[in-house]
2 protein chains.
Amino acid sequence: MNGRIPRYLQIAETLRERIRGGALARGARLDSQRALAREFGVTLMTLRQALELLEKDGLIACRHGLGTFVASPSIDYDILHLRTFAGDLSAKGEAVETRFLRSDFRPPDRRVAQGLRLRTGEAVFVLDRLRLVNRHPMSYQRSFLPAGIGREVAKADLAITPLRNVLRFKLGIEVTRARETVFAVTLRSLEARELGCRPGTPAFRSERISWAADGAPIVFDRVFIPGDRFRITRELQYEGARP
Amino acid sequence: MNGRIPRYLQIAETLRERIRGGALARGARLDSQRALAREFGVTLMTLRQALELLEKDGLIACRHGLGTFVASPSIDYDILHLRTFAGDLSAKGEAVETRFLRSDFRPPDRRVAQGLRLRTGEAVFVLDRLRLVNRHPMSYQRSFLPAGIGREVAKADLAITPLRNVLRFKLGIEVTRARETVFAVTLRSLEARELGCRPGTPAFRSERISWAADGAPIVFDRVFIPGDRFRITRELQYEGARP
DNA sequence: ATCCTCCACTGTTCTAGAACTCTGCTGCCC
DNA sequence: GGGCAGCAGAGTTCTAGAACAGTGGAGGAT
């Protein structure tokens, strides 16, 4: 029956804001623990409780004798969870934003044509988007849709409406199955430019095909995510002998 | 240059022993934090540091106003994809071969030291192996083990005995839990040479920590897999209403 | 120039309390 | 009997220090 928030949680939140807001750049060193304790008017123990929280979240890294540093943001993606990428991120309290770049009708490459089961010569609707987490580019996503669906989708304002919602509410299409394949690649100049990194940067390339209930392929997504901003995590449990 | 072990680590180890040894049954309530602090002759703060460790390992659960309880080991049987990412490809009917490269005792880097919960200065047993599929190098694997375990493991003929079997049958250690994290990287010259590709080749780097039933870290595996030889695939099923 | 020792600064561990909240029970009051 | 106030005992948060331990640089010795 009490709205009281522990001091160390408040401090953690304040520091989190500073990092998120850019007041503390990645790799920067925070003030010493003693200085921060003075600034917040708490003891070392209390401040350290706050830091431990941030460290557990991977936002900072403490190094004995050196200082406390802002970790380069790397987002964990639990591959066993079925949530969409954006959903996973927003669940972690990050500010996720999708920026519409451009759309077009174009002939697909062979992988896309095969994935969407198109006849040769059939054009597809191409949709380029950029996902930002905490205002930093996180992934460059190019989606391909069959021309028939694409023509309907193109009428919607994709700058504000999520593609999934357009499919579900305007077209009544429900995605029920998907297959995702992840490759390790290096970025080429086009993707690197959009993501603000150098060509040759290591990255994940994810390709996902989504099917409707009737088995018709709906979307082919191709996503590029720089390796320094992302990682895939799995927790494994082995059954068997136990104490 | 110091074998000193913090008091809270010693206490955590003692409690771990009690749980492992059956002195504390699952679901049993531990003595109150104040009583335990008295018993070990430390302050509440120090004792709580020990409890936090055990809680993070999932061995105990603290409940405000009620007490501290030995966690009942909850096994997730619904996670059925237990095959490790970098692990056995043999199930796919490929001719898999493991080539022993070298082993050594060496000081670990920071990531390894942290993952294995080592004190600085403590050396680890390093084991380098190459996995070949159809006689082609597939992954370069470097495993790190705590020195105590490593000394026993080093006595085995690792060129012919799988590490997992050495742990299980010679040391009686059963891995019950693991966490795997996958990064996108480019290969550096050492790994590239072993794998027979050019430096700068895009690759997956997988890091896995494996824990025994009592929560002790056993192995830190670091695996490099060139991107042109491997990819991760997963099937997703969406059922009914989803977020 | 090179090595080494020392030192300042950093994070880390710990003491000895005090006051707080949360939970379940007990006993009073109706 | 039913409800509710209070209480005891549990975990939680916090103070104000002190001492320990790892790092890297400054300055002296060689």
Side-chain angles (χ1 to χ4, degrees), chain A residues 1-15 19 24 27-71, chain B residues 1-15 24 27-71 107-114 116-124:
Chain A
M1 226 48 53
N2 199 330
R4 184 179 158 282
I5 296 172
R7 199 80 183 82
Y8 75 97
L9 284 179
Q10 297 175 29
I11 294 172
E13 196 47 47
T14 302
L15 292 174
I19 293 171
L24 290 167
R29 199 180 77 179
L30 278 67
D31 289 337
S32 81
Q33 296 185 351
R34 284 170 180 81
L36 286 173
R38 256 199 317 278
E39 177 192 335
F40 288 109
V42 296
T43 51
L44 211 47
M45 293 241 57
T46 305
L47 182 95
R48 280 176 57 75
Q49 273 190 287
L51 293 186
E52 268 165 34
L53 272 188
L54 298 183
E55 187 165 25
K56 211 157 52 184
D57 285 353
L59 260 76
I60 61 170
C62 301
R63 295 182 54 186
H64 198 161
L66 285 182
T68 305
F69 301 84
V70 178
Chain B
M1 202 57 88
N2 201 332
R4 184 179 159 282
I5 296 172
R7 200 80 183 79
Y8 75 97
L9 284 179
Q10 297 176 30
I11 294 171
E13 197 46 47
T14 301
L15 292 174
L24 291 166
R29 199 180 79 179
L30 277 68
D31 290 335
S32 81
Q33 297 186 351
R34 283 171 181 80
L36 286 172
R38 254 199 320 278
E39 179 193 334
F40 288 109
V42 296
T43 52
L44 211 46
M45 296 242 54
T46 304
L47 181 94
R48 281 176 56 73
Q49 273 189 286
L51 293 186
E52 268 165 34
L53 271 188
L54 297 183
E55 187 166 25
K56 209 157 55 184
D57 285 352
L59 261 76
I60 63 170
C62 301
R63 295 180 54 187
H64 198 160
L66 286 181
T68 305
F69 301 84
V70 178
D109 64 32
R110 211 168 44 253
R111 293 182 65 87
V112 173
Q114 196 170 343
L116 292 178
R117 293 206 297 257
L118 300 176
R119 302 188 50 73
T120 49
E122 222 172 327
V124 292

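Below, read A as the first sequence line, B as the second, and so on, with proteins coming before strands; counting in each chain starts at 1.
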On DNA chain D, nearest-nucleotide positions of A/G65 versus B/L51: which is more 5'?
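The 5'-side residue here is B/L51.
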A/R63 or A/R34, whichever maps to the more 5' nucleotide of DNA chain D:
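Result of the comparison: A/R34.
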Nearest-0.5 Å distance, [atom1] of residue [X] to [atom2] of residue [Y]:
X: B/L9; Y: B/T14; atom1: CG; atom2: OG1; value: 10.5 Å
X: A/L24; Y: A/L59; atom1: CG; atom2: CG; value: 10.5 Å
X: B/T68; Y: B/I60; atom1: OG1; atom2: CD1; value: 5.5 Å

Is there a donor and acceptor pair, one atom on the side chain of B/H64 and one on the base of D/dA10, closer than 3.5 Å?
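No, no donor-acceptor pair under 3.5 Å.
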Does B/Q33 have a side-chain nitrogen or oxygen under 4.0 Å from the phosphate oxygens OP1 or OP2 of D/dT12?
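Yes, such a contact exists.
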So, OP1 or OP2 of C/dT10: does either fall under 4.0 Å of a side-chain N or O from A/T68?
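For C/dT10, neither OP1 nor OP2 has a side-chain N or O of A/T68 closer than 4.0 Å.
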Per the salt bridge (charged side-chain N to carboxylate O under 4.0 Å, His left out) rule, what does the pair list look like for residues 41-55 of chain A, sequence neighbours excluded?
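Matches after skipping sequence neighbours: none remain.
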Test salt bridge (charged side-chain N to carboxylate O under 4.0 Å, His left out) applied to B/D31 - qualifying residues, sequence neighbours left out
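Testing B/D31 for salt bridge (charged side-chain N to carboxylate O under 4.0 Å, His left out), a comparison that skips the adjacent residues, returns none.
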Set of salt bridge (charged side-chain N to carboxylate O under 4.0 Å, His left out) partners for A/E13, sequence neighbours left out:
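In terms of salt bridge (charged side-chain N to carboxylate O under 4.0 Å, His left out), with neighbours along the sequence ignored, A/E13 is linked to A/R16.
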Give the nucleotide from the list D/dA19, C/dT23, D/dC14 with an atom nearest to the side chain of A/R7.
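So the side chain of A/R7 is nearest to D/dC14.
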Can you confirm whether B/L116 sits close enough to B/P108 that some side-chain heavy atom of one is under 4.5 Å from a side-chain heavy atom of the other?
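No, every pair of side-chain atoms sits at 4.5 Å or beyond.
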With a 4.5 Å limit on heavy-atom distance, are the side chains of B/L15 and B/L51 in contact?
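SC-SC contact between B/L15 and B/L51 confirmed.
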Reading DNA chain C from 5' onward, which residue's closest nucleotide shows up sooner: B/Y8 or A/D31?
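Per heavy-atom nearest nucleotide, the more 5' residue is A/D31.
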When the side chains of residues 35-47 of chain A are checked against the rest of the protein, which donor-acceptor pairs come out under 3.5 Å, sequence neighbours left out?
{"residue": "A/E39", "atom": "OE2", "partner": "A/R18", "partner atom": "NH1", "Å": "3.4"}
{"residue": "A/E39", "atom": "OE2", "partner": "A/R18", "partner atom": "NH2", "Å": "2.6"}
{"residue": "A/T43", "atom": "OG1", "partner": "A/T46", "partner atom": "OG1", "Å": "3.2"}

In whole Å, what is the span from the [atom1] atom of [X] to the [atom2] atom of [N]?
X: A/F69; N: C/dG11; atom1: CZ; atom2: P; answer: 8 Å
X: A/L36; N: C/dC9; atom1: CG; atom2: P; answer: 17 Å
X: B/I5; N: D/dA21; atom1: CD1; atom2: C1'; answer: 15 Å

Would you jot down, in residue-number order, the residues of residues 40-50 of chain B having a non-hydrogen atom under 4.0 Å from DNA chain D?
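Result for residues 40-50 of chain B: B/L44, B/M45, B/R48, sorted by number.
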Atom pairs under 3.5 Å: protein N/O with N/O of nucleotides 4-8 of chain C:
none

